[in-house]
2 protein chains.
Amino acid sequence: MKEAFKALADPTRRKILDLLKENDLTAGEIAAEFSISKPSISQHLKILKTAGLIEDEKDGQYIYYHLNTTVFQELISWAMSFTQGGNTDA
Amino acid sequence: MKEAFKALADPTRRKILDLLKENDLTAGEIAAEFSISKPSISQHLKILKTAGLIEDEKDGQYIYYHLNTTVFQELISWAMSFTQGGNTDA
DNA sequence: TAAGTATTTAGGTAATTAACTAAATAATAA
DNA sequence: TTATTATTTAGTTAATTACCTAAATACTTA
């Protein structure tokens, strides 16, 4: 979770997640949506992957990225613990 | 939300939120839980407040801080949009 | 094997952030 | 009013981050 919070702090990375919500995409397809360099996008993808928010899958020459929902679910539980219903005490 | 993601990236700020989950606390009481200086804690409180995660209330000489659950609820909605059930398409 | 495409790694720089100390502001109590 | 306590603001510094270009790696195709 620690890594996820840091990963989510950057707007470029949140936009990458938004794109992956629609479709699985290659690193190149993701980079094409931004005006920043491919190496920079590659760095962002690495950070998202380290945080467990995305996973990659190699398909020949390409690397496809897709969301991993596990950490999002953890995030939901975390945030719920701060709302009325989220109190685990009796 | 943009500010909230940035605010949540720091572990000190997340620990402050954990403390406020239990009780409303003054800035001094919060600072006492950490080994960092009071001015630094004050800065963190300002960031959390700007992000809408906490609110303050003056009581004489003291300033009490408490959670504001609104942004946590927004965060839950945001995270849910990335999980299976969260798709708004038909 | 050689050339081309996709992606990452390496190394460097500018901007941001988190911490500090010192000083300012606000309220209370003597 | 003066002293004390609580908290924030101001200014500085060290660490982190986000970006860049250049080079390396991996795969495909001729």
Side-chain angles (χ1 to χ4, degrees), chain A residues 1-68 71 75, chain B residues 1-68 71 75:
Chain A
M1 288 277 285
K2 187 172 168 298
E3 294 301 323
F5 283 117
K6 268 167 64 175
L8 294 172
D10 184 85
T12 298
R13 289 194 288 265
R14 291 198 303 276
K15 191 178 165 191
I16 290 173
L17 295 174
D18 282 335
L19 292 170
L20 293 176
K21 190 155 63 170
E22 306 303 323
N23 292 300
D24 295 0
L25 295 168
T26 67
E29 286 169 337
I30 292 166
E33 298 285 336
F34 296 87
S35 53
I36 62 184
S37 73
K38 286 179 185 186
S40 294
I41 294 296
S42 181
Q43 294 271 56
H44 284 306
L45 290 170
K46 189 179 182 176
I47 289 165
L48 288 168
K49 195 176 142 189
T50 299
L53 292 161
I54 64 174
E55 291 172 340
D56 59 359
E57 194 179 349
K58 206 159 203 170
D59 181 12
Q61 198 171 4
Y62 301 92
I63 298 175
Y64 277 89
Y65 283 92
H66 59 88
L67 294 178
N68 176 13
V71 176
L75 204 69
Chain B
M1 288 276 287
K2 187 171 166 300
E3 295 302 322
F5 283 117
K6 267 167 64 176
L8 293 172
D10 185 85
T12 296
R13 289 193 289 266
R14 290 197 304 277
K15 191 179 164 192
I16 290 173
L17 294 173
D18 282 334
L19 291 170
L20 292 176
K21 191 157 61 170
E22 305 304 323
N23 291 301
D24 296 359
L25 296 169
T26 67
E29 287 169 337
I30 292 165
E33 297 285 336
F34 295 88
S35 53
I36 63 186
S37 74
K38 286 177 184 185
S40 294
I41 294 295
S42 180
Q43 294 273 55
H44 284 306
L45 290 170
K46 189 179 182 178
I47 290 166
L48 288 168
K49 195 177 141 187
T50 300
L53 291 162
I54 64 173
E55 292 172 338
D56 59 0
E57 195 179 348
K58 206 158 201 170
D59 182 11
Q61 196 173 6
Y62 302 92
I63 298 174
Y64 277 89
Y65 285 92
H66 59 90
L67 294 179
N68 175 12
V71 177
L75 204 70

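Each chain gets a letter, A, B and so on, in the order its sequence line appears, and its residues count up from 1. We use all heavy atoms of the structure for the numbers below, so side chains are in, but hydrogens, waters and symmetry mates are not.
- Atom CD1 in Ile41(B) sits about 8 Å away from atom P in dA19(C), given to the nearest Å.
- The separation between Tyr64(B) atom OH and dA27(C) atom C1' is 14 Å, rounded to whole Å.
- To the nearest angstrom, P of dT17(C) lies 16 Å from CZ of Phe5(B).
- What separates NZ of Lys46(B) from P of dT9(D) is a distance of 5 Å, to the nearest Å.
- Contact annotation for Tyr65(A): backbone-only contact, meaning every heavy-atom pair under 4.0 Å involves sugar-phosphate atoms and none involves a base.
- We find that CG of Asp56(B) is positioned 15 Å from C1' of dT25(C), with the value rounded to whole Å.
- Side-chain contact between Leu25(A) and Tyr62(A) is absent, with no heavy atoms from C-beta onward closer than 4.5 Å.
- Between the CZ atom of Arg14(B) and the C1' atom of dA18(C) there is a distance of 14 Å, rounded to whole Å.
- No cation-pi contact links Lys49(A) to Tyr65(A), judged by a cut-off of 6.0 Å to the six-membered ring centre and 45° from its axis.
- Rounded to a whole Å, the NZ atom of Lys49(B) is 12 Å from the C1' atom of dT7(D).
- In this structure, His44(A) NE2 and Leu48(A) CG are separated by 8.5 Å, a value rounded to the nearest 0.5 Å.
- The structure places CE of Met1(B) at 8.0 Å from CZ of Arg14(A), a figure rounded to the nearest 0.5 Å.
- Thr26(B) has a side-chain polar atom (N or O) that falls below the 4.0 Å cut-off from OP1 or OP2 of dT7(D).
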Checklist entry - When every nucleotide of nucleotides 15-30 of chain D is labelled 5' to 3' by its protein contacts under 4.0 Å (heavy atoms), B for base, S for sugar-phosphate only, - for none, what sequence of letters results? => result --SSBBBB---SSS--

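- Between the CG atom of Leu75(B) and the CG atom of Leu53(B) there is a distance of 8.0 Å, given to the nearest 0.5 Å.
- Annotation: side chain of Asp24(B) is not in contact with side chain of Leu20(B) (no heavy-atom distance under 4.5 Å).
- Summarising the geometry, the separation between CD1 on Ile30(B) and P on dA6(D) is reported as 14 Å, rounded to the nearest angstrom.
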